Number of protein chains: 2
Amino acid sequence: MNRAPLAHIVDDDEAIRDALAWLFQTCGVPSRAWMSGDDFLADYDPAMRGCVVLDVRMDGMSGPECLVQLLARGCTMPVIFLTGHADVPVAVSALKKGAFDFIEKPFNDNELVNVVIDALALDARRQANAAARAGTSARLASLSARERDVMERILAGKLNKVIADELDIAVRTVEVHRARIFEKMGVKSAVELAQVVSGGG
Amino acid sequence: MNRAPLAHIVDDDEAIRDALAWLFQTCGVPSRAWMSGDDFLADYDPAMRGCVVLDVRMDGMSGPECLVQLLARGCTMPVIFLTGHADVPVAVSALKKGAFDFIEKPFNDNELVNVVIDALALDARRQANAAARAGTSARLASLSARERDVMERILAGKLNKVIADELDIAVRTVEVHRARIFEKMGVKSAVELAQVVSGGG
DNA sequence: TTTAGGGTTGCGGTTTTCCACAATTGGCGC
DNA sequence: GCGCCAATTGTGGAAAACCGCAACCCTAAA
């Protein structure tokens, strides 16, 4: 089951992996570990939830390289970097790419756990938002091409008669499309329609 | 005139201030310099536009302290840090607080200028958005209490008769309020109203 | 060929919206 | 008190939206 929120640990040092896994477990945070960025990317699934705890310097793929790959695959999980070497440009670059945090070793256990918990909470919020947006997108996708033509003009605030004129069809036809759009989008009025498409998708 | 976009240089080293000012000038970027965070904060005005180029380590107030003060005063200008000392926690903290970039000295002149130009562009975009939102807020504030009651219900997609029932007034009165709301908010339909209040304010 | 779905249209009728004209009430500042 | 403004209401009519019913055309799949 990929859908349970996990702390995804990626580190080439077995001692660190074990220590992190143990630390997280004692704090009630489920985790799973990988020994390289390549291994993690091989298992990566967009349905994975939680956060990623990524070592910066590893054999093979580096942490930042792994971040780039994850972003390229549309990963939205917060990524927390761990580093043993002071390297400001790397930290700046990672954070500007969207990393959630960048922590120097040795780190305070409690601090790391708090960061991970914050990251998990952020992911949960994002997940909820994404679900809402996905619902709207799905409804939007269920509209026919013609219905989208009409909806576009409804959202522009145009009257049915104007829409009919622009699309060169009868007003009655616009009314039918309009009703079907409302039904498919699960709204009762043009106002609600405007809100779901501009506020939630 | 505070409103012209400037690169606001804050550094306690006169040589650096002059060098930066000269660098910016040769690239067509107007700038002004301060010799301490306190001095800059004393002159700070929310109407200032552009970006801030802030040294991390200075006599008196540090760069990060200055950032905190600026944020507390609602400053939205992008802040670029310059630092001569590798300090990952400071960099991470600054970026997580919203700093635009964090650059180590010695830096490449061209790179810094590009960052400043990006920051100025970002500020210009934000400024445009803020202006639009301020306009909407101003219009919103011009509504009477009763008009706000009605608008709230219009945005909930309710029919005039339902609104009249809820507010215990005649449908005709709701119509009048409705028309006045549209007029004051500068829109022609309920759909546009929903878009300006949920998308732009 | 039959079936299914999308797009289209007309008819007739109800409901809402939108507006011009006209008027009343109550608070507030001069 | 007087004038101003927000809030309120009514009348009456034109325009638009909304709906159920029935139907036709066309394309793609079974």
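In the text below, chain A, chain B and the rest are named by the order of the sequence lines, each starting its count at 1. For the numbers below, each heavy atom of this structure counts, side chains included, while hydrogens, waters and symmetry mates do not. Source: prediction; values computed, not measured.
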Quiz item: Closer than 4.0 Å, any side-chain N/O of A/His177 to the OP1 or OP2 of C/dG6?
Solution: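 Answer is no, no contact under 4.0 Å.
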Self-check item: Side-chain N or O of B/Lys161 closer than 4.0 Å to phosphate OP1/OP2 of C/dT15
Solution: no
Practice problem: Fit a plane to each ring of A/His8 and A/Phe40, take the angle between them on a 0 to 90° scale, and name the class: parallel (under 30°), tilted (30 to 60°) or perpendicular (over 60°). | Solution: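 The arrangement is tilted - the two ring planes meet at 30° to 60°.
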Please state how far atom [atom1] in [X] lies from atom [atom2] in [N], giving the value in whole angstrom units.
{"X": "A/Met151", "N": "C/dG6", "atom1": "CE", "atom2": "C1'", "result": "17 Å"}
{"X": "B/Lys188", "N": "C/dC19", "atom1": "NZ", "atom2": "C1'", "result": "12 Å"}
{"X": "B/Asn160", "N": "C/dT16", "atom1": "CG", "atom2": "P", "result": "10 Å"}
{"X": "A/Ile169", "N": "C/dG6", "atom1": "CD1", "atom2": "P", "result": "16 Å"}
{"X": "A/Leu143", "N": "C/dG6", "atom1": "CG", "atom2": "C1'", "result": "13 Å"}
{"X": "A/Ile163", "N": "C/dT9", "atom1": "CD1", "atom2": "P", "result": "14 Å"}

Practice problem: Using a 4.0 Å heavy-atom cut-off across all strands, classify A/Ala179 as base, sugar-phosphate, or nothing. | Solution: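 If one applies the 4.0 Å heavy-atom cut-off, A/Ala179 turns out to touch nothing in the nucleic acid.
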Quiz item: Contact class for A/Arg172 (heavy atom, under 4.0 Å): base, sugar-phosphate, or nothing?
Solution: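 Base, at least one base atom sits under 4.0 Å.
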If the threshold is 4.0 Å, N to carboxylate O, is there a salt bridge linking [X] and [Y]?
{"X": "B/Arg178", "Y": "B/Glu175", "result": "no"}
{"X": "A/Arg126", "Y": "A/Asp123", "result": "no"}
{"X": "B/Arg32", "Y": "B/Asp43", "result": "yes"}
{"X": "A/Asp165", "Y": "A/Arg153", "result": "no"}

Exercise. Would you kindly compare B/Ser144 and B/Glu175 by the position of their nearest DNA chain D nucleotide and give the one closer to the 5′ end?
Key: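 Going by which nucleotide is closer to the 5' end, it is B/Ser144.
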Self-check item: Positional range of nucleotides in DNA chain D within the contact set of chain B, heavy-atom, under 4.0 Å
Solution: D/dA6 to D/dT11
Practice problem: Please report the closest heavy-atom contact between B/Ala94 and B/Phe81, naming both atoms and the distance. | Solution: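 The pair with the smallest heavy-atom distance is CB-CE1, 3.6 Å.
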Quiz prompt | Heavy-atom side-chain proximity of A/Leu82 to A/Leu20 below 4.5 angstrom | solution =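 Answer yes - side chains close enough.
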